[in-house]
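For reference, the structure discussed in these notes is given below.
Order of listing sets the numbers, starting from 1, for every ligand and every atom in it. Throughout, residue positions are numbered sequentially from 1 according to the sequence presented. Below, all heavy atoms of this structure are taken into account, side chains as well, without hydrogens, waters or symmetry copies.
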Amino acid sequence: MDISPQAKRVLVTGGAGFLGSHLVDRLVKQGHRVSVVDNLLTGNLDNIRGHVESGRIRFHDHDVIDPFNLAVDEIYNLACAASPPLYQADPIHTAKTSALGALNVLALAERHNARVFQASTSEVYGDPQVHPQPEGYWGNVNPVGIRSCYDEGKRFAETLFMDHWRHRGLDARIVRIFNTYGPRMSPSDGRVVSNFIVQALQGDSITIYGDGSQTRSFCYVDDLIDGFLAFMNAPRGTTGPFNMGNPAEFTVRELAELVIDLTGSSSRIVYRALPSDDPRQRKPDISEVHDALGWQPKVDLREGLSRTVAWFDAVLRSEGRSSERLPQAMAA
Ligand code: NAD
Ligand code: UDP
C-alpha cells in the first residue's frame, strides 16, 4: 500500500485493541502514516502485527498516563480498557488512563496543532432514566460505585476535551460509543457478545447476569468505524459530543437466544448475579449525528453476529477450543 499524497500523520492510542485495530486497518488503507501507542493492557499485538512487520505503521509500547511526544496531524484517543471486569481490575489505573491519558493526548495535540478525537462512552449516561438517550441528557451516574472509575473517568475526559476546545481553540471531538462488537474482541475480555459466542461455540453454559431483561443496543464494528472517519473529516467546530451506536434495542436474553440460534449450540442458559450498577436499559438517540454527518449504521444484529461468530469459530478452532459444529451455511 502506498502513502497517499494527502497522507496525514495519524496517531491511534489503544490501536492494538478491538476498535483501534479496525480503525488502523482503515487508516492504512486510506494511505495515511499511522502510529499506535498502546501498553497492551487489554489489546493484542496480533491485531496489528501485519502492519507493524510490513513497516506500514509504527508501534510504541507506552502507557498514556505518562507524557509522550510524536509529530502528528490527527489523534484518535482510544486507549482504555472497555470491558467492565477488566476496567474494574485496576480501577485507579483506569481512572488515570481517562484523566491523565486525556491530558497527555491534549497536550500533544496542542503542541502539534493536531485535530483530536476522544472515544467516550454511553456509560456517561450511567443507569439512564431518559430513554433512548440523547446527547443533551446529563445522565444518572453513581460517582462512588464499581463502574465509576470508567464512567466518571470518561466524563472528566469529556470535560477536558470541551475546555480545550472552548478555552484554547483546540480542534477537539467527542464520540459516545454504545456497545460495539465484531471480530477481534478478545475471547476472554468478559463482555456480553464475546462471552456468549465463546460459551456457545465451546458448548459451555451461557451466563446471563440478572434475569436478562436489561437491554443494550449493539453496533457492528464496521459501521462504527465509518462513523469515526466521517466525524474526523467533518469541518472544524464539529465537536459533538455525538452518540454512535445502533439504535436497535435487545434484551440480554434475546441476545443469548440469537447466539444459540446462529451457532446451533447445545449450550443451556444459566443465570448469575447481576453486577452492581449494571444499567437497566440503553439505546442511543442518533438523530444529532445523523443530521450532522448523515451517518447511521447499516449492519443488523443477525448479520453482524454471523460475521462475528465465524471469526470466533476460526480463532477457537485454531486453538483447538471449539467443540460445537456450526450450521452448514455459516461454517462455509
Ligand atoms: P479494548 O480493550 O479492546 O482496547 C483498548 C486498548 O487500549 C487496548 O489495546 C489496551 O491495551 C489499550 N490501553 C488500555 N489502557 C491503556 C493505557 N493506559 N495506555 C496505553 N494503552 C492502553 O477496547 P475497545 O472496545 O477497543 O475500546 C476502545 C475505546 O473505545 C476505549 O476507550 C473504550 O472506552 C471505548 N468504548 C468502546 C466501546 C465498545 O463497545 N467497544 C463502547 C464504549 C466506549
Ligand atoms: N452480561 C451477561 N453475561 C455475561 C456478560 C455480560 O448477562 O456473560 C450482561 C451485563 O450484566 C450487562 C450486559 O450483558 O447487563 C452488557 O454487558 P457488557 O459487559 O458487554 O457491557 P456493558 O454494557 O455493561 O458495559
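- Distance from atom 3 (N) of ligand 2 to its nearest protein heavy atom, with residue and atom name: T207 O, 2.6 Å.
- Residue-environment remark: CZ (R166) exceeds the threshold of 12 foreign heavy atoms within 6.0 Å.
- Checked by distance only, ligand 2 and V252 stay at 3.5 Å or farther apart across all their nitrogen or oxygen atoms.
- Here the shortest heavy-atom distance to atom 5 (C) of ligand 2, taken over Y209, Y181, Y150, belongs to Y209.
- Residue E123 has at least one heavy-atom neighbour below 4.0 Å for each of these atoms of ligand 2: 25 (O).
- Compare R282, R216, R280 by their heavy atoms: the one nearest to atom 16 (C) of ligand 2 is in R216.
- Residue contact check for ligand 2: R147 places a non-hydrogen atom closer than 4.0 Å to it.
- Classification of the F117-Y76 ring pair by plane angle, with boundaries at 30° and 60°, yields tilted.
- Heavy-atom contacts from other residues, nucleotides or ligands closer than 6.0 Å to CZ of F156 number 12 or fewer.
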(message) For a salt bridge (charged side-chain N to carboxylate O under 4.0 Å, His left out) check, start with the C-alpha distance between K8 and D73, then their side-chain angles and the critical distance, and finish with the verdict.
(response) CA-CA 6 Å; K8 286 178 262 190; D73 303 308; over 6 Å; no
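- Contact residues of ligand 1 (protein heavy atom closer than 4.0 angstrom to a ligand atom; sorted by chain and number): G14, A16, G17, F18, L19, D38, N39, L40, L41, T42, G43, H62, D63, V64, L78, A79, C80, A81, A82, H93, T97, A119, S120, T121, Y150, K154, I177, N179, T180, R191.
- Residue contacts with ligand 2: R272 is excluded, as none of its non-hydrogen atoms falls under 4.0 Å.
- Within the model, atoms NZ of K154 and SG of C149 stand 11.0 Å from one another, a figure rounded to the nearest 0.5 Å.
- Around atom CZ of R236, more than 12 heavy atoms belonging to other residues, nucleotides or ligands sit under 6.0 Å away.
- The proximity of V192 to ligand 2, defined as any non-hydrogen pair under 4.0 Å, involves the side chain as well as the backbone.
- In this structure the side chain of Q133 reaches within 4.5 angstrom of the side chain of F178, judged on heavy atoms.
- Panel note: side chain S265, backbone A200; a donor-acceptor pair is recorded below 3.5 Å.
- When non-hydrogen atoms are compared, ligand 2 lies under 4.0 Å from the side chain of Q214 (C-beta onward) but not from its backbone.
- S267 and Q199 share no donor-acceptor pair across their side chains, judged by distance under 3.5 Å alone.
- Closest to atom 8 (O) of ligand 2, if we only count protein heavy atoms, is N195 ND2, 2.8 Å.
- Residue contacts with ligand 2 for Q281 are absent, since no atom lies close enough (heavy atoms, distance under 4.0 Å).
- Figure legend: cation-pi geometry between R191 and Y181 absent, as NZ or CZ is not positioned both under 6.0 Å from the six-membered ring centre and within 45° of its axis.
- Of all protein heavy atoms, the one lying nearest to atom 11 (O) of ligand 2 is D278 OD2, 2.6 Å.
- Only side-chain heavy atoms of N179 come within less than 4.0 Å of ligand 2; its backbone N, CA, C and O stay farther off.
- Residue pairs meeting the salt bridge (charged side-chain N to carboxylate O under 4.0 Å, His left out) criterion with at least one member in residues 35-45, sequence neighbours excluded, do not occur.
- Side-chain atoms of V116 and D171, non-hydrogen and from C-beta on, never get closer than 4.5 Å to each other.
- Taking a 6.0 Å sphere around CZ of R58, one finds it holds 12 or fewer heavy atoms contributed by other residues, nucleotides or ligands.
- Residue contact annotation: P84 has a non-hydrogen atom under 4.0 Å from ligand 2.
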